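Every value quoted in this text rests on a predicted model; they were computed, and no experiment measured them. Residue numbers start from 1 in every chain, and the chains themselves are labelled A, B, ... in the order their sequence lines are given, proteins ahead of strands. Atom set for the values below is all heavy atoms of this structure, side chains included, hydrogens, waters and symmetry mates excluded.
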Protein chains: 2
Amino acid sequence: MNVSAEALMDIFKKKNIRSSYTRVRILEYLMANRNHPTVDEIYKRLVGEIPTLSKTTVYNSLNAFVDAELARVITIEDNETRYDADISDHGHFKCDICGRIYDFPVDIGGFEPKALAKFKISQRDVYFKGICTSCLNNK
Amino acid sequence: MNVSAEALMDIFKKKNIRSSYTRVRILEYLMANRNHPTVDEIYKRLVGEIPTLSKTTVYNSLNAFVDAELARVITIEDNETRYDADISDHGHFKCDICGRIYDFPVDIGGFEPKALAKFKISQRDVYFKGICTSCLNNK
DNA sequence: ATATGTGCAAACTGTTTGCAGCCGC
DNA sequence: GCGGCTGCAAACAGTTTGCACATAT
């Protein structure tokens with residue numbers, strides 16, 4: 001997926017968050033790389049093109065994106081926070097061997113348990129772990 | 001739920017992990033308090049009765065329990081790891097207001113997506129967030 | 001007797017905060 | 001011009017590591 005800088009600036013305007021060169025680049029990266037990167041991965045990758053970039057800014061920007069619902073946080077691993085520009089309902093599978101995270105469709109609305117009938121649910125996450133096909137075949 | 005120290009030592013033997021007074025007390029606490037405590041909560045609570053207790057030991061013990069499948073890690077929040085002595089399949093709901101974590105039954109096996117048909121799935125977590133009934137009524 | 005748990009201090013990692021300067025509107 | 005973003009350094013929190021000693025089998 002490729003989105004122009006203008007389109008991204010439009011998105012920012014629509015979500016009422018201020019635009020900037022850095023934010024455009026970070027959101028662009030997040031939308032182009034659907035591999036659920038960590039802050040560190042985003043930083044390391046972009047600092048080559050934006051030498052003055054700081055990790056603080058990456059944190060700030062991502063938090064702004066999450067607040068504006070342009071991205072969501074993935075806490076499938078307890079020691080690293082990952083980000084996903086796809087905010088539609090879907091599950092995440094992490095392979096214990098290669099570490100890759102796969103998206104998978106899941107009918108999350110379908111299994112609303114009776115126990116939560118009177119709860120206000122605002123976020124639903126489904127995390128699976130195990131070994132992916134590619135790693136299963138490569139041994 | 002109340003489990004005797006002897007029963008806990010039996011559990012350790014069965015799982016091939018060494019028993020000790022500290023471990024018995026930690027697992028006992030985890031089984032009696034199904035509120036998914038953090039390491040800090042366990043430590044603060046037990047150090048009163050076991051003055052020499054260190055956080056390192058709480059970490060060590062919990063990791064041993066997780067390896068032995070006596071407990072599972074809950075990563076519903078990105079900044080704190082919680083532990084649950086109930087390793088059967090069930091979902092977790094965290095209230096954004098009171099912070100409480102509720103268990104709820106969910107037929108996790110029931111929504112195995114085709115996309116993961118050839119994956120080896122070893123762990124399934126379902127995390128919901130929102131506002132619980134009690135907080136909805138108290139405003 | 002030997003392997004393993006315990007607990008102290010220090011190191012480490014990911015994240016947040018305070019603040020001066022710059023940039024977008 | 002003003003509010004908000006940027007980025008440096010420092011602070012911070014949760015967790016891990018190294019090691020000497022104690023304890024379980």
Pick the closest DNA chain D nucleotide for B:K13 and for B:E80 by heavy atoms, then say which residue is nearer the 5' end.
B:E80
Among the nucleotides D:dT16, C:dT6, C:dG24, which one has an atom lying closest to any side-chain atom of B:Y59?
D:dT16
Taking only the side-chain heavy atoms of B:S54 (C-beta and beyond), determine which of D:dG7, C:dT15, C:dG7 contains the nearest atom.
C:dG7
Looking only at the side chain of A:T22 (C-beta and beyond, no hydrogens), which of the listed nucleotides C:dT16, D:dT6, D:dT17 gets closest?
D:dT6
Kindly point out which of D:dT25, D:dT16, C:dT16 is positioned nearest to the side chain of A:N63?
C:dT16
B:R25 and B:Y29: CA distance, side-chain angles, deciding distance, side-chain hydrogen bond (donor to acceptor under 3.5 Å, both in side chains) verdict:
CA-CA 6 Å; B:R25 300 307 309 277; B:Y29 179 87; over 6 Å; no
Identify which nucleotide among C:dT6, C:dC23, D:dT6 has an atom closest to any side-chain atom of B:T57, counting heavy atoms from C-beta outward.
C:dT6
At under 4.0 Å between heavy atoms, what does A:T38 touch on the DNA or RNA strands: base, sugar-phosphate, or nothing?
nothing
Length of the line joining A:L62:CG and C:dT15:P, which is rounded to integer Å
10 Å
On the nucleotide C:dT6, are OP1 or OP2 found under 4.0 Å from the side-chain N or O atoms that B:S61 carries?
yes
From CG of B:N79 across to P of C:dT13 the rounded distance in Å is 20 Å
Between C:dG7, D:dG3, D:dG7, which one does the side chain of B:T56 approach most closely?
C:dG7
Using atom CG of B:D40 as one end and atom P of D:dT15 as the other, report the distance to the nearest whole Å.
9 Å
Against the side chain of A:T81, the closest entry in C:dC25, C:dT15, C:dT16 is C:dT15
Can the ring centres of A:F128 and A:F104 be said to be less than 6.0 Å apart?
yes
5′-ward residue of the pair A:S19/B:N60 relative to DNA chain D:
A:S19
B:R34 and B:D86, any side-chain heavy atoms less than 4.5 Å apart:
yes
Integer-rounded Å distance: D:dG7 P and A:I50 CD1:
8 Å
In whole angstroms, the gap separating P of C:dT15 from OH of A:Y43 amounts to 15 Å
Taking donor-acceptor contacts at under 3.5 Å, does the side chain of A:R18 reach the base of C:dG24?
yes
I want to know whether B:Y83 and B:F65 have ring centres closer than 6.0 Å.
no
Expressed as a whole number of angstroms, how long is the span from B:K55:NZ to D:dT17:P?
17 Å
Residues B:K55 and B:D40 bridged, charged N to O under 4.0 Å
yes
To the nearest Å, how far apart are A:F65 CZ and D:dG4 P?
17 Å
Measure CZ/A:R23 against C1'/D:dT6 and give the value in whole Å, please.
10 Å
